[in-house]
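Both backbone and side-chain heavy atoms feed into the values below; hydrogens, waters and symmetry mates do not.
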Amino acid sequence: LAQAPKSCAQPCSASRSVVGAMTSRVHAGRAVGTAMPPTQQVSGSAAGTSEGSRSSAVLSVATLLKNMIGAGIFSLPIGLRLATPMPGLMILGSIGIMSAVSYWMVGYCCIAWNVTSFRSLWHRTLGSSTAWIIDITILGNGCFTLVGYLVLIGDFTTKSFGGLLGEDHLLARSRILDQWVITVVLLLPLSLAEDLRRLAFTSVLGLGVTVYVVLLVLRDSWLNSPSEWGPNMVLCEWRMSAFEAVALYTHAFVAHYNAPKLYAELERPTALRWLVVVLVAYGIAFFVYASFAWAGLHRFEEAVEGNVLRNLPSQNSVLTAWLGMAFSIAFTYPIVFNSAREACVNLMSPIQESILASPRLQRLIASPRSQFSLGRRSISLYNVLGPRPDKPLSKGKNTATTVVIVVLTAAVASVCTDIGLVNALAGSVMGCAVAFVFPSILFYKTVRIQLGDACSADDSLDSPLLGPFKAKHTVAQASAAARPFLKLSLGVACFIMVAGTCFGVLGAIIALRTEH
């Protein structure tokens, strides 16, 4: 989602197939392309990926699973308790199906518009004037994720220090102290680092630790779960808290921001292969989620916590899991933080520009007594060209922005101690938007353009104000055979859009009202 388009204004160098029935391209409402076979694939240059670096379907499934399965899995058992086991599994399956459909929709839009990033897809479909929505989404999702990371760090470090140093040690008793020590000593310096390439190993480390934790919980449930459910455990009952479970499940299935990149790297990227990758990945994810949630709930029943690892007894295998998760999350923090900080700067830039463009400030700047420096540019040149391009961004401002965001996330994490609440709010506020609302809007707009034989005329943010004429962006036109399917899919998109909005609102309300 944070990827910026390299050159949205450049004309497409190759066409893409659309459901095996799209036969031409449309420019300004008229077909300008020639018929192409339905199995035509995207060239490496068009997709932005060389043929030698493309991923097989198996590797694409593994990549999608790695992006999907993360810290949200630890809250799935309590989601099953909130909704009761039987309805909870049905809700989990329904959310998985909706997420898979919306994920496929994002890839379909990439096929139609011939783009390889979420931001460029947004620009082509909805125009550059609404690009601020992407930055707000990145910033909001990043803040929720960073707060969740700090809550988990507090959980894991407190438990780890209790096992290593004893339960009476200060670091084992003070969760807030652990969070702030890790924040000041480790997270803040990492967030201030300019080169994060050395943290690439955290992806493999996080995947390995997550697999270990899942197997640990499954093993513990298999060996120590009671033979029958407890008398206070309700297996099937409808509760309003099920909407909080929906938010938790949505947060666990979100990986849609990476769909354009995953499609661009897919080997022989046809619509059928893309569908297979999505179905297989989400099917495996549902099986893993359902097994983990059932195992955690069956093991601890009503006592299960928002982070199921807090329920596990202190022993060497569990201590290894706690330490592994703490280090993995700590080194992943700056990677997520980098995108959130960039989104914050992008949102603040237009505000700064509007302030500088105000008449009163311009008169103040133009005044001989003004203490403002324009870098030896006249006020007229400043209004047109902006500040001098050879002046780099102030390192002090970058440091100040970093410190403010890190301190704010640490302060919120000090107050909120339940990762279940954080994941529920993240799933309801941001997860439903990213997984359901945005993909369905993009798909609805794309299909309406295809059925209406029109094209998008919005220029990219990268387009110069003055320059050579460039062709308007085009979208693959739907043939007669594909129109019934696309018309039916519009109804599905509307359903997902409305359902996602309702899930988000109700999930947030229920999560805030529930005692955690």
Side-chain angles (χ1 to χ4, degrees), residues 68-102 148 213-214 217-218 220-222 224-255 282-312 418-429 431-432 435-436 496 499-500 502-516:
M68 191 188 316
I69 300 177
I73 193 174
F74 302 139
S75 300
L76 294 181
I78 197 173
L80 212 58
R81 179 179 70 82
L82 292 171
T84 68
M86 297 306 177
L89 288 178
M90 295 178 61
I91 295 174
L92 180 63
S94 301
I95 296 299
I97 293 174
M98 291 176 59
S99 298
V101 172
S102 60
V213 169
V214 170
V217 172
L218 293 177
D220 182 72
S221 177
W222 176 268
N224 301 314
S225 293
S227 57
E228 297 181 358
W229 293 95
N232 297 327
M233 192 66 194
V234 180
L235 297 182
C236 185
E237 182 182 77
W238 169 252
R239 299 173 178 175
M240 287 298 295
S241 56
F243 288 105
E244 184 178 354
V246 169
L248 292 171
Y249 299 157
T250 302
H251 180 67
F253 278 113
V254 169
Y282 272 87
I284 295 175
F286 169 76
F287 176 77
V288 173
Y289 287 165
S291 301
F292 186 88
W294 185 273
L297 181 63
H298 194 200
R299 171 69 176 87
F300 302 107
E301 297 186 359
E302 290 289 335
V304 67
E305 297 189 35
N307 178 8
V308 69
L309 294 187
R310 296 183 60 179
N311 291 103
L312 296 177
D418 186 6
I419 188 61
L421 175 60
V422 176
N423 286 339
L425 291 176
S428 58
V429 176
C432 289
F436 301 139
I496 294 178
C502 295
F503 291 160
V505 174
L506 293 175
I509 294 175
I510 298 300
L512 292 174
R513 289 184 176 180
T514 304
E515 295 183 2
H516 290 267

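Remark: T250 pairs with no residue by the side chain to side chain donor-acceptor pair (under 3.5 Å) rule, at least two apart or across chains. For S102, the side chain to side chain donor-acceptor pair (under 3.5 Å) partners at least two apart in sequence or on another chain are H256. Every residue meeting the side chain to side chain donor-acceptor pair (under 3.5 Å) condition with S225, not counting sequence neighbours, appears here in chain and number order: S221. Taking the side chain to side chain donor-acceptor pair (under 3.5 Å) definition, one finds that N311 meets it with nothing, sequence neighbours left out. Not a single ring-ring contact (aromatic ring centres under 6.0 Å, His included) links F503 to another residue, sequence neighbours left out.
To the nearest 0.5 Å, atom CD of residue E305 and atom CD1 of residue I419 are 12.5 Å apart. Distance check: R299 CZ to W222 CH2 gives 15.0 Å after rounding to the nearest 0.5 Å. If you take CD1 on I69 and CZ on F292, they are separated by 10.5 Å, rounding to the nearest 0.5 Å. Between the CD1 atom in I91 and the OH atom in Y249 there is a gap of 6.5 Å [rounded to 0.5 Å]. Atoms CZ and CZ, from R310 and F74 in turn, are 13.5 Å apart once rounded to the nearest 0.5 Å. Rounding to the nearest 0.5 Å gives a distance of 10.0 Å between CD1 of I78 and CG of N307.
The only member of L82, I95, I510 that meets side-chain contact (heavy atoms from CB on, under 4.5 Å) when paired with V246 is I95.
Residues G500 and C432 come closest through the heavy atom pair O-CB, 3.4 Å. Here the shortest heavy-atom pairing between A511 and L425 reads CB-CD2, 4.2 Å. Closest heavy-atom contact between G79 and L248: CA-CD1, 3.7 Å. Across all non-hydrogen atoms, the minimal contact from W229 to L297 is CZ3-O, 3.9 Å. Across all their heavy atoms, L76 and A252 have their closest contact at CD2-CB, 4.0 Å.
Within the 3.5 Å criterion, the main-chain N or O of E237 finds a donor-acceptor partner in the side chain of T84.
Sorted by first and then second residue, the salt bridge (Lys or Arg N to Asp or Glu O under 4.0 Å) pairs involving residues 72-98 (not counting sequence neighbours) are R81-E302.
Using cut-offs of 30° and 60° on the angle between ring planes, the pair F253 and Y282 is parallel.
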